[in-house]
**Q** 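Encoded as structure tokens, here's the structure I'll be asking about.
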There are 2 protein chains.
Amino acid sequence: MAAPDEGQSLEESTVSPGLGRFKRASRGYRGHVSRETRSRRAPTLEDVAARAGVSRATASRVVNEDPRVRPRAREAVAAAVAELGYRPNRAARSLVTREADSIAVVVPEAEDRVFGDPFFAAMLGGITQALADSPAQVLLAMGRRGQGAEKIEKYLRGGYTDGAIVVSHHRDDRIGEVLRETQLPAVYVGRPAGEPRLPFVDVDNHAGGRLAAEHLIAQGRRRLATIAGPQDMTPGADRLAGWRKGLAEAGISTDPQDGLMHELVEVGDFTAPPAGRRCSVCWLSARSSTGSSPPPT
Amino acid sequence: MAAPDEGQSLEESTVSPGLGRFKRASRGYRGHVSRETRSRRAPTLEDVAARAGVSRATASRVVNEDPRVRPRAREAVAAAVAELGYRPNRAARSLVTREADSIAVVVPEAEDRVFGDPFFAAMLGGITQALADSPAQVLLAMGRRGQGAEKIEKYLRGGYTDGAIVVSHHRDDRIGEVLRETQLPAVYVGRPAGEPRLPFVDVDNHAGGRLAAEHLIAQGRRRLATIAGPQDMTPGADRLAGWRKGLAEAGISTDPQDGLMHELVEVGDFTAPPAGRRCSVCWLSARSSTGSSPPPT
DNA sequence: CTGTTAGCGCATTCAG
DNA sequence: CTGAATGCGCTAACAG
């Protein structure tokens, strides 16, 4: 399990036939239009420096907004940059700074799931919004089990990114492990399962579940059912726990022995279809099985 | 319009306060866990070479699957790679090869739109699928007008990518211009408007629209209405053109003068809501205006 | 087949 | 404040 991983790494890091084709096409196309535009080589810091009559170091300083540059020099460099259309070479910069200048949004879910659930749209929107005026790039990496999971891992390990935001973490994905090994700074959206030391943002899921139970109970309901979220995700598990807590505190038993055929809980996956499907099976059967209620408060 | 662009380039390419904060957080976190794991510096090709008892060049060759390496040496290097857990430094490689090893999927649409429309999910899925065993990374860049459009442009110009796949191109986005200037290899999904030389894949939209008209006409329908796609996208425009051609060939006039209050065409945006909304306005008013039919075939 | 030699473009000490 | 020098890690000729 460890050795094959390394072997795979090696292969993946090399040029495959697939990329070969891509490259050829790339060259061909590039060549096709290259006659129409000028500039064979992109201007470098060296060019800028020469044009501004300063050294590379000084040019670098103004590009990076280092304060210790005389206004005169600063202006000269700025002008040169504008005239030459200079853009720093990211690879070169990255090589020396050891930073990729990008942050990955990791979603361990199948692609169609990510695109189908409005939750992710909102989350992505918020994240990109927040990073709108940051120079850092936002990269979306998604996939689950075969369908992109190893791609994510490769991405995280490949040094493509400076940090990660993990959005829909499941207990069984290896994201946490990868993050720990690569020592990548990361934050989870939703408390991570089995990764106690990692920072995260989340709502109080437990309180939410409990609140739901209390609300229904306050309305006089006594036979309460819930469609829970996936139990391999802490939000799903925490909410269910809160729900049960709420029932228990109200003295409503969830014990199958206690007159109910079984606890009125079905586990969904945060999507609508399964909820509807399960309902018709579980609730009906439960409803038709016994009418007895648990003891009052 | 040109000068400000350059000025903007400079600013964007430099470290802003935003990234500054990100960096600090990054360092802090990294430092926090750095005591728990070994390896201060990632192994380099140099290390691998030394360990395998060969030169850096040879090590590089086997990593890149260059055939001209003796099996013995190859194995030695492979072993060293595995033992050291070597992973090529992308920045360094990129610096010399001048390739980013990634391809961008550009979607000039608002994020919520992209995540809401199943079309994009399918498209993205297909693309990543096709590139699954390619070493190239797939990056998703989306946004339209303010909400990410300039981010896309910056991305394309930043040398982050080797090529682009443009998915939902509108006539007014600047993608084509950027692509031309950067000479990035690109392919459009859907014939690009105003960019005749760029390669694309598409269905025969014109024939589709015509087919629809012919089908309805064959069924004996005579007052035909259509909800067209956005007219600033060639698929939308082409389909409508085909539709009109179909009507014309059947001798069905679309001329308002010809007894109809106006042509029964409403322009939507490839989503369901506008279609429903417009229908109730247009169709009803058209229906109540005149009952006369165009001349028969 | 393999090692040696050069840079790729940039940030960064370290002296002035 | 500024410039000269150094090296990040890697690929690509160019000789052996």
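Naming convention: chains lettered A, B, ... in sequence-line order (proteins, then strands); numbering from 1 in each chain.
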**Q** In plain terms, say whether E177(A) and R180(A) are close enough for a salt bridge, that is, a side-chain N and a carboxylate O under 4.0 Å apart.
**A**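 No salt bridge links E177(A) with R180(A).
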
**Q** Specify the angle, to 10°, made by the local axes at the two ends of the helix from dC1(C)-dG16(D) to dG16(C)-dC1(D) when five pairs are taken at each end.
**A**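 If I round to tens, the end axes sit 30° apart.
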
**Q** Please list, in 5' to 3' order, the outermost nucleotides of DNA chain D lying under 4.0 Å from any heavy atom of chain A.
**A**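 The protein-touched segment is dC1(D) to dG9(D).
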
**Q** Residues two or more places apart in sequence or in another chain: which of them pass salt bridge (charged side-chain N to carboxylate O under 4.0 Å, His left out) with D232(A)?
**A**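 D232(A) satisfies salt bridge (charged side-chain N to carboxylate O under 4.0 Å, His left out) with R144(A) once adjacent residues are dropped.
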
**Q** Going by atom types only, do S94(B) and E99(B) share a side-chain donor-acceptor pair under 3.5 Å?
**A**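 Result is no, nothing qualifies.
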
**Q** Testing L139(A), D162(A), L131(A) one by one against I103(A) for a side chain to side chain contact (heavy atoms under 4.5 Å, CB included), which residue passes?
**A**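 Result for side chain to side chain contact (heavy atoms under 4.5 Å, CB included) with I103(A): L131(A).
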
**Q** In chain order, what residues pass the ring-ring contact (aromatic ring centres under 6.0 Å, His included) check against F120(B), with sequence neighbours excluded?
**A**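 Per chain and number, F120(B) pairs via ring-ring contact (aromatic ring centres under 6.0 Å, His included) with no residue.
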
**Q** What pairs with A193(A) under side-chain contact (heavy atoms from CB on, under 4.5 Å), at least two apart in sequence or on another chain?
**A**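 Result, side-chain contact (heavy atoms from CB on, under 4.5 Å) vs A193(A): H169(A), R171(A), T234(A).
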
**Q** Check D172(A) with R145(A), please: is the shortest side-chain N to carboxylate O separation under 4.0 Å?
**A**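 Salt bridge present between R145(A) and D172(A).
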
**Q** Please encode protein proximity along nucleotides 8-16 of chain C as a string of B, S and -, counting only heavy-atom distances under 4.0 Å.
**A** BBBBBB---

**Q** How about I127(B) and M123(B): do any of their side-chain heavy atoms sit closer than 4.5 Å?
**A**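 With C-beta onward as the side chain, the pair touches.
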
**Q** Report yes if some heavy atom in the side chain of V107(A) is under 4.5 Å from a heavy atom in the side chain of L140(A); otherwise report no.
**A**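 The answer is yes, as the side chains (C-beta and beyond) meet within the 4.5 Å cut-off.
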
**Q** Could you tell me whether the side chain of T161(A) and the main chain of A104(A) form a donor-acceptor pair under 3.5 Å?
**A**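 Pair found, side chain donor or acceptor close to backbone of A104(A).
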
